[in-house]
Participant: 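My questions all concern the structure below.
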Amino acid sequence: MSGRSTFYVTTPIYYVNDVPHIGHAYTTLACDVLARFMRLDGRDVHFLTGTDEHGQKIEKAAATAGLPPQAFTDKVSQSFRDLVVKMNYSPDNFIRTTEKRHYAACQALWEKLVAAGDIYLGKYAGWYSVRDETYFVEGETEVGPDKKRRAISTGAEVEWVEEPSYFFKLSTWSERLLAFYEKNPRFIGPDSRRNEVMSFVKGGLQDLSVSRTSFSWGVPVPGDPKHIMYVWLDALTNYITECGYPDVSSPNWKYWPADLHMVGKDIIRFHCVFWPAFLMAAGLEPPQRVFAHGWWTNEGQKISKSLGNVIDPVELVDAYGLDPVRYFLLREVPFGNDGDLQKRALVGRLNGDLANAYGNLCQRVLSIVAKNCEGKVPPKGTLIDADIALLDRAKGLLAAVRAELNEQAFHRALISIWEVIADANRYVDAQAPWALAKIDPVRRDTVLWVLAETIRRVTLLVQPFMPDSAAKILDQLAVPADAQAFAAFDRELESGTTLPKPQGVFPRFVEPATAAS
RNA sequence: GGGCCCGUAGUUCAGUGGUUAGAACGAGCCGCUCAUAACGGUUAUGUCGCAGGUUCGAAUCCUGCCGGGCCUACCA
């Protein structure tokens, strides 16, 4: 990505007032695939996810549950750690904003901002609803016929309230941010988001309220502990807490600046405007790239709690299997776009791409080998043009996938891999090794070797997406552990290696019998 | 209101000035039989949202209209 050997990728830290849903699973999955790819590609990877545990909402939710805030967040945060296991994510750490080191990092950053003259004490003013215990901006309120102003969303009466608050001088950062975006065209992806952010900044920025006195569950402002640092300053700081901030001699500091913050499109402003401004104000480098992905709909419908159509990733995995779900989420939709989760489409991918194309390719090749070659990697004879053509396609995959993932184009990476799988299936039919068995066993062996070697290369690249399934296939090819990284991409299968009995890896999905019918 | 984006085969999309507009899935037909009834070959379908304009030439550029989506600050 940057040419340096480290690769630091982060998910947002997830707010613990809710259980994980498909959106959380999706963001972390994308990061996981990148982290796994980069590790296999020899990079020094640090992959961070975690939970955001502060704020008034949590304080209230804990009180409602009759628990101290820490005990409450311990409990809810666990569901996100469980998801890591369920989805086979490979984070190097799981950070929590309630950790001591995070308080230290937030307060150190705060002091830097104060020293830089970018923070001042002012008054936060807005339309406050006592009933909702929250502020509304002017546009979220309206004056009714009784001349009383109410929040549109909740109907609660609001009153003008002012409280002391510290402010970050965001208004002074517009030009520096725009200059930064210009110099770093890759900073925001996809491009449509970049346009959005830039036009937002061009419209002028207001100073940002960064402390509150209305609750206490959070990081106290240094020297003025009645003030609690406001959500985003606290939350965003996690990315440098992990790198040891403020101790720049920490072994983890080498990972900063992050190579990629993966985010949902709803929080792009915080990552692309506020965060680089905070960092530059503190004399720190902004991250190299922020990528905003889209949202999933459920069978064409917007997902919402009130509609009751929230997608639980655990249910999906239980119904269709982990790797098929991982594959589908990244293959079905151009990454960055919104996508629709249709079970019919998922089953289509599972059966068409995984069971028929890839799984069956492995199975048909490996069973001919098992039956005809004494269960060993067959001898590689003289290669003809058709052999070389297929092998070359497979060889080209590493560079192709690397380039696509560099742009977070997961779907295109998978498309290019599956093109080679389709080529391999065509090659099997064209070469008909079953017919060669009787007339030219030497040629048959070469054909089988070419196929096994192609499957090896393809499967090395499938690893980041479907680690368990790829491991099973590599085992069936007897690829040793030390030959599974991309450094060994060109280490060809050795003829004569004993292979285990082939076994199907991607069973077809058959609709469970319905009660009626 | 202002800004950005999109509207291409039944479906999901690719194609951003140049020969008869492509892919995948789905559908029909043929072949194969190693394999998870898998695989391969082949056929078919489109007034490229509508109407103008620029150009030797437009799905591709410009204008208008219709339809859809997103952004327009602190509720992650």
Side-chain angles (χ1 to χ4, degrees), chain A residues 12-18 23 52 55-57 124 126 129 132-137 139-140 151 153-154 165 167-168 170 190-210 212 230-236 263-271 273-274 294-295 331-334 337-340 342 344-345 348-349 351-372 411-412 415 418-419 422 424-437 444 447-448 451 502-510:
Chain A
I13 46 175
Y14 302 120
Y15 205 48
V16 294
N17 66 337
D18 200 4
D52 179 7
Q56 192 169 25
K57 270 195 185 176
Y124 182 83
S129 156
D132 302 319
E133 293 182 49
T134 183
Y135 280 92
F136 292 92
V137 297
E140 293 174 319
S153 56
T154 67
S165 167
F167 282 81
F168 175 76
L170 189 64
D191 287 342
S192 53
R193 299 296 165 197
R194 178 179 150 83
N195 293 343
E196 239 171 63
V197 168
M198 287 185 69
S199 76
F200 171 76
V201 173
K202 277 176 189 160
L205 298 170
Q206 295 171 20
D207 288 350
L208 192 67
S209 166
V210 289
R212 285 300 158 78
Y230 199 45
V231 283
W232 280 103
L233 184 53
D234 171 352
L236 290 163
V263 300
K265 63 180 183 181
D266 56 325
I267 56 174
I268 192 161
R269 173 170 312 143
F270 306 103
H271 286 80
V273 181
F274 300 172
W295 291 138
R331 172 61 185 81
E332 182 67 6
V333 176
N337 290 8
D338 287 349
D340 187 32
Q342 290 181 274
R344 186 178 303 169
R349 292 284 176 205
N351 287 341
D353 296 358
L354 300 183
N356 296 351
Y358 182 36
N360 184 56
L361 171 69
C362 298
Q363 187 70 2
R364 66 196 301 207
V365 169
L366 289 169
S367 40
I368 306 176
V369 169
K371 286 174 194 165
N372 295 277
H411 64 297
R412 287 209 301 263
I415 287 169
W418 257 255
E419 279 170 355
N425 270 319
R426 273 189 285 273
Y427 173 92
V428 181
D429 276 48
Q431 302 301 322
W434 53 89
L436 290 168
R444 175 204 62 197
V447 165
L448 293 174
L451 283 163
Q503 259 187 327
V505 171
F506 296 108
R508 285 180 66 82
F509 179 83
V510 183

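Owing to the predicted nature of the structure, the values given are computational and were not obtained by experimental measurement. Note that these values count all heavy atoms, side chains included, but never hydrogens, waters or copies made by symmetry. First the proteins, then the strands, lettered A, B, ... as listed; each starts at 1.
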Participant: Report the C-alpha distance between A:Arg269 and A:Val197 in whole Å, list the side-chain angles of each, state the deciding distance to 0.1 Å, and finish with yes or no for side-chain contact (heavy atoms from CB on, under 4.5 Å).
Facilitator: CA-CA 7 Å; A:Arg269 173 170 312 143; A:Val197 168; over 6 Å; no

Participant: Between B:C74 atom P and A:Gln56 atom CD, what is the distance in whole Å?
Facilitator: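 So the two atoms are 16 Å apart, to the nearest Å.
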
Participant: Using atom P in both nucleotides, what's the gap between B:C5 and B:U63 to the nearest angstrom?
Facilitator: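 Looking at atom P only, B:C5 and B:U63 are 12 Å apart.
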
Participant: Can you measure A:Phe270 atom CZ to B:C74 atom C1' for me and round it to whole angstrom units?
Facilitator: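 Distance, rounded to whole Å: 6 Å.
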
Participant: Taking the same atom, C1', in B:A24 and in B:U45, what whole-Å distance lies between them?
Facilitator: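 So the two C1' atoms sit 16 Å from each other.
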
Participant: A:Tyr124 near the nucleic acid: base, sugar-phosphate alone, or nothing, with a heavy-atom cut-off under 4.0 Å?
Facilitator: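 Since a base atom lies under 4.0 Å of A:Tyr124, the category is base.
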
Participant: Roughly how many Å is it from CD1 in A:Ile368 to P in B:U33, rounded to a whole number?
Facilitator: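 So the CD1-P distance, A:Ile368 to B:U33, works out to 12 Å.
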
Participant: Using the C1' atoms only, state how far B:A9 lies from B:C30, rounded to an integer number of Å.
Facilitator: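 Nearest-Å result for B:C30 against B:A9 at atom C1': 23 Å.
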
Participant: Spell out yes or no: do the side chain of A:Asn360 and the base of B:A35 have one donor N/O and one acceptor N/O closer than 3.5 Å?
Facilitator: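 Indeed there is one.
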
Participant: Provide the Watson-Crick or G-U wobble partner of B:C39, both distances under 3.5 Å; none if there is no partner.
Facilitator: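 B:C39 is paired with B:G31.
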
Participant: Going by ring pair (Phe, Tyr, Trp, His ring centres under 6.0 Å), A:Trp232 matches just one of A:Phe270, A:Phe274, A:Tyr15. Which one?
Facilitator: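 Among the candidates, only A:Phe270 passes.
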
Participant: If pairing requires Watson-Crick or G-U wobble contacts with both distances under 3.5 Å, which nucleotide is the partner of B:G18?
Facilitator: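 By the stated definition (distances under 3.5 Å), B:C56 pairs with B:G18.
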
Participant: A:Trp232 has a side chain; which of B:A73, B:C75, B:C34 sits nearest to it?
Facilitator: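 In terms of side-chain proximity for A:Trp232, the closest of B:A73, B:C75, B:C34 is B:C75.
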
Participant: Suppose you measure atom P in B:U19 against the same atom in B:A37; what distance do you get, rounded to whole Å?
Facilitator: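 My reading of the P atoms in B:U19 and B:A37 gives 44 Å.
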
Participant: Nearest whole angstrom, please: distance from the P of B:C39 to the CG of A:Asn351.
Facilitator: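 In whole Å, B:C39 P and A:Asn351 CG are 10 Å from each other.
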
Participant: With sugar-phosphate meaning primed atoms plus P, OP1 and OP2, does A:Arg508 contact a base, only sugar-phosphate, or nothing at under 4.0 Å between heavy atoms?
Facilitator: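 If one applies the 4.0 Å heavy-atom cut-off, A:Arg508 turns out to touch a base.
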
Participant: Find the partner of B:C74: check Watson-Crick (N1-N3 plus N6-O4 or O6-N4) and G-U wobble (N1-O2, O6-N3) distances, both under 3.5 Å, and reply none if neither fits.
Facilitator: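 With both distances under 3.5 Å required, B:C74 matches none.
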
Participant: Across the strands shown, which category fits A:Val263 at heavy-atom distances under 4.0 angstrom: base, sugar-phosphate, nothing?
Facilitator: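 Contact class for A:Val263: none.
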
Participant: Let me know the distance between NZ of A:Lys57 and P of B:C74, rounded to the nearest Å.
Facilitator: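 Between P of B:C74 and NZ of A:Lys57: 13 Å.
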
Participant: B:C65 pairs with which nucleotide, Watson-Crick or G-U wobble, both distances below 3.5 Å?
Facilitator: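 Matched B:C65 with B:G49 under the 3.5 Å cut-off.
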
Participant: Using atom CD1 of A:Ile268 as one end and atom P of B:A73 as the other, report the distance to the nearest whole Å.
Facilitator: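 My rounded result for the distance is 16 Å.
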
Participant: Could you tell me the separation between the CH2 atom of A:Trp434 and the P atom of B:C32, rounded to a whole number of Å?
Facilitator: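 Spelled out: CH2 on A:Trp434 to P on B:C32 is 11 Å.
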
Participant: Quick one: pull up CG in A:Leu233 and CG in A:Leu208 and give me the separation to the nearest 0.5 Å.
Facilitator: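 Atom-to-atom, A:Leu233:CG and A:Leu208:CG are 8.5 Å apart.
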
Participant: Is there a donor-acceptor contact under 3.5 Å from the side chain of A:Asp234 to the main chain of A:Tyr230?
Facilitator: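 Such a contact is absent between A:Asp234 side chain and A:Tyr230 backbone.
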
Participant: Output a table of nitrogen or oxygen pairs between the protein and nucleotides 24-28 of chain B separated by less than 3.5 Å.
Facilitator:
none

Participant: Please report the interatomic distance CG(A:Leu170) to CD(A:Gln206), rounded to the nearest 0.5 Å.
Facilitator: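 A:Leu170 atom CG to A:Gln206 atom CD measures 9.0 Å (nearest 0.5 Å).
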
Participant: A:Arg193 side chain: which of B:C70, B:A35, B:C74 is closest?
Facilitator: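 Looking only at heavy atoms from C-beta outward on A:Arg193, the closest nucleotide is B:C70.
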
Participant: Would you indicate which nucleotide in B:U36, B:C74, B:G31 comes nearest to any side-chain atom of A:Phe506?
Facilitator: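 Nearest to the side chain of A:Phe506 among the choices is B:U36.
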
Participant: Whole-Å distance between B:C34 C1' and A:Asn356 CG?
Facilitator: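 Between C1' of B:C34 and CG of A:Asn356: 15 Å.
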
Participant: Just call it for A:Gly348: base, sugar-phosphate, or nothing, with non-hydrogen atoms closer than 4.0 Å on any strand.
Facilitator: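 Contact class for A:Gly348: none.
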
Participant: With sugar-phosphate meaning primed atoms plus P, OP1 and OP2, does A:Gly339 contact a base, only sugar-phosphate, or nothing at under 4.0 Å between heavy atoms?
Facilitator: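 No contact.
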
Participant: With rounding to whole Å, what would you report as the distance between B:A44 and B:G22 at their C1' atoms?
Facilitator: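 My reading of the C1' atoms in B:A44 and B:G22 gives 15 Å.
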
Participant: How long is the gap from CZ on A:Arg364 to CG on A:Asn425, to the nearest 0.5 Å?
Facilitator: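 The CZ atom of A:Arg364 sits 5.0 Å away from the CG atom of A:Asn425.
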
Participant: Of all the nucleotides listed (B:C34, B:A73, B:U36), which has the minimum atom distance to the side chain of A:Arg364?
Facilitator: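 Given the options B:C34, B:A73, B:U36, the side chain of A:Arg364 is closest to B:C34.
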
Participant: Expressed as a whole number of Å, how far does the P atom of B:G31 sit from that of B:A14?
Facilitator: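 Rounded to whole Å, the distance is 37 Å.
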
Participant: Taking the C1' atom in each of B:C56 and B:G46, what is the distance between them to the nearest angstrom?
Facilitator: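 These two C1' atoms come out 27 Å apart once rounded.
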
Participant: What's the shortest heavy-atom distance between A:Pro12 and A:Val263, and which atoms?
Facilitator: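 So the two residues come closest at CG-CA, 4.0 Å.
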
Participant: Do the numbers put A:Arg212 on top of the ring of A:Tyr124, so that NZ or CZ is under 6.0 Å from the six-membered ring centre and no more than 45° off the axis?
Facilitator: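 That pair qualifies as a cation-pi contact.
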
Participant: Check each of A:Asn360, A:Asn356, A:Leu354 against A:Phe506 using the side-chain contact (heavy atoms from CB on, under 4.5 Å) test, and report the only one that passes.
Facilitator: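 The single option meeting the side-chain contact (heavy atoms from CB on, under 4.5 Å) with A:Phe506 is A:Leu354.
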
Participant: Base, sugar-phosphate alone, or nothing: which one does A:Leu366 contact when heavy atoms must sit under 4.0 Å apart?
Facilitator: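 A:Leu366: no heavy atom of the nucleic acid under 4.0 Å.
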
Participant: Mind checking the CD-CD spacing from A:Glu332 to A:Gln342? Nearest 0.5 Å is all I need.
Facilitator: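 Atom-to-atom, A:Glu332:CD and A:Gln342:CD are 7.5 Å apart.
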
Participant: Within this structure, what is the CG-OH distance for the pair A:Asp429 and A:Tyr427, rounded to the nearest 0.5 Å?
Facilitator: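 Answer for the CG-OH pair, A:Asp429 versus A:Tyr427, is 12.5 Å.
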
Participant: Does A:Leu361 or A:Asp207 map to a spot on RNA chain B nearer the 5' end, using the closest nucleotide for each?
Facilitator: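 First, find each residue's nearest nucleotide; the 5'-ward one identifies A:Leu361.
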
Participant: Examine B:A35: is either OP1 or OP2 under 4.0 Å from a nitrogen or oxygen in the side chain of A:Lys371? Give yes or no.
Facilitator: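 Affirmative; the distance criterion is met.
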
Participant: Side chain of A:Ser209 only, heavy atoms from C-beta on: which candidate in B:C74, B:G31, B:C70 is closest?
Facilitator: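 So the side chain of A:Ser209 is nearest to B:C74.
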
Participant: Please classify the nucleic acid contact of A:Ala235 as base, sugar-phosphate, or nothing, using heavy-atom distances under 4.0 Å.
Facilitator: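 Base contact.
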
Participant: So, using salt bridge (Lys or Arg N to Asp or Glu O under 4.0 Å) as the criterion, who are the partners of A:Arg412 when residues are at least two apart?
Facilitator: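 Partners of A:Arg412 under the salt bridge (Lys or Arg N to Asp or Glu O under 4.0 Å) test: A:Glu404.
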
Participant: Would you give the length of the straight line joining atom CG of A:Asn195 to atom NZ of A:Lys202, rounded to the nearest 0.5 angstrom?
Facilitator: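 Separation between the atoms: 8.5 Å.
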
Participant: Using the P atom as the reference point in each nucleotide, state the distance between B:G17 and B:G7 in Å, no decimals.
Facilitator: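 Approximately 16 Å lies between the P atom of B:G17 and that of B:G7.
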
Participant: I'd like to compare against my own output: the B/S/- annotation of nucleotides 2-16 of chain B with a strict under-4.0 Å heavy-atom distance to protein.
Facilitator: ---------------

